Amino acid sequence: MCGPVALREAYRAVRGRYVAQRVRIHATRSDWEEDRSSEPARHLLDLLRTFPQVALWGDRAAEMPRAMLASSADGLALPKDGGADDPGYTLGAFAWGAVWLDSFAAALAHRETRAALGRGGGRKGGTAVVLGASLGYEAYAIGLSHGVRTVGVELLCSLRDLAEQVRSDRRVAPDLLSFECADALSWRLPKDTRLVYCDDTAWDAHAIQGLAKKLGDELPAGVVVLHNQPHGFNADPRFKLLQVVEVATSWNTRHPLIVHMTQPASSAARAALKGEL
């Protein structure tokens with residue numbers, strides 16, 4: 001089952017388990033009174049006017065050091081000499097925040113983004129990927145409102161477990177939505193990926209640069225990539241800028257969300273990327 005009702009129920013299930021407090025979405029009266037009948041996705045605004053601040057600090061506090069140590073085992077350890085060019089994950093990379101659904105829906109409104117979701121053609125025609133999926137909000141929004149198979153990837157397994165439990169409790173089919181606990185930098189992207197959303201707002205700069213390289217190397221042309229930080233993307237000719245959308249978040253009412261599309265790069269540009277020129 002997908003659509004606004006399923007999305008509402010999934011969000012309520014998350015709230016029912018771990019809500020610490022509700023945060024009201026502030027909008028002008030004209031925003032709420034505008035005619036949204038021609039845009040089904042906009043009806044989600046009426047269904048979800050509040051979002052939770054989720055209390056998972058106990059599990060997160062236990063998992064973050066383990067995740068940082070695991071990154072060391074993958075070659076992202078602190079330099080032995082304790083130098084300043086530390087490539088490991090820092091505590092700041094695990095910062096917490098929320099993106100309001102109405103703003104996120106607007107970020108999916110570009111014609112190329114809609115076309116990418118449309119090319120998915122449902123569960124069997126393509127896959128949307130959310131890297132840094134947390135509790136699964138963005139994955140639910142994409143999968144349930146667009147009917148496209150969506151996979152959420154989260155480094156902290158306790159967050160993945162909650163998202164997957166809600167999916168199971170709400171009887172959302174696993175071939176429509178699923179969640180995995182893995183490092184986005186080493187996780188294998190599905191061959192039929194049509195759209196990637198990266199929740200990289202607080203990621204370390206070197207991790208974002210590594211992510212940009214991974215996506216540029218592994219994705220075919222024509223895949224839409226939504227992300228929050230420019231590191232590694234803006235200078236790479238394999239990413240064509242489509243737009244920058246301002247979205248409302250818990251930390252910034254005008255947070256920029258960047259939308260790129262992968263494209264073939266010239267031979268010279270590819271050689272420059274590899275350091276051959």
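Just so it is clear, the model here is predicted, and its values are computed rather than measured.
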Less than 6.0 angstrom separating the ring centers of Phe104 and Tyr197, yes or no?
yes

Flag side-chain contact, heavy atom, 4.5 Å: [X] against [Y]:
{"X": "Val259", "Y": "Thr113", "value": "yes"}
{"X": "Val224", "Y": "His110", "value": "no"}
{"X": "Leu177", "Y": "Leu144", "value": "yes"}
{"X": "Leu195", "Y": "Val225", "value": "no"}

Mind listing the closest non-hydrogen atom pair of [X] and [Y] along with its distance?
{"X": "His255", "Y": "Asn228", "value": "NE2-OD1, 2.9 Å"}
{"X": "Arg160", "Y": "Glu180", "value": "CG-C, 3.5 Å"}
{"X": "Thr262", "Y": "Pro220", "value": "OG1-O, 2.6 Å"}
{"X": "Lys214", "Y": "Trp187", "value": "NZ-O, 2.6 Å"}
{"X": "Ala107", "Y": "Val247", "value": "CB-CG1, 4.4 Å"}
{"X": "Phe179", "Y": "Ala139", "value": "CE2-CB, 3.7 Å"}

Answer with yes or no whether the side chains of Asp169 and Gln165 bring together a donor and an acceptor at under 3.5 Å.
yes

Hey, mind stepping through Leu108 and Ser145 against side chain to side chain contact (heavy atoms under 4.5 Å, CB included) and telling me if it holds?
CA-CA 11 Å; Leu108 300 175; Ser145 59; 5.5 Å; no

What's the verdict on side chain to side chain contact (heavy atoms under 4.5 Å, CB included) for Leu185 and Leu211, showing C-alpha distance, side-chain angles and the deciding distance?
CA-CA 6 Å; Leu185 297 183; Leu211 175 66; 3.8 Å; yes

Applying the 4.5 Å side-chain criterion to the ILVMFWY set and letting contacts propagate, would Trp251 and Leu226 be lumped into a single cluster?
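Hydrophobic grouping puts Trp251 with Leu226.
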
Taking a hydrophobic cluster as the set of Ile, Leu, Val, Met, Phe, Trp and Tyr residues connected by side-chain heavy atoms closer than 4.5 Å, whether directly or through intermediates, do Val130 and Ile258 fall within one such cluster?
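Not linked; separate clusters.
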
What's the spacing between Leu155 CG and Asp183 CG if we round to 0.5 Å?
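Rounded to the nearest 0.5 Å, the CG-CG separation comes to 5.5 Å.
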
Counting only heavy atoms not in Lys213, do more than 12 sit closer than 6.0 Å to its NZ atom?
no

Before you tell me yes or no, could you show the steps for Trp203 and Gln229 under side chain to side chain contact (heavy atoms under 4.5 Å, CB included), namely the whole-Å CA-CA distance, both residues' side-chain angles and the distance that decides it to 0.1 Å?
CA-CA 9 Å; Trp203 291 15; Gln229 297 291 348; over 6 Å; no

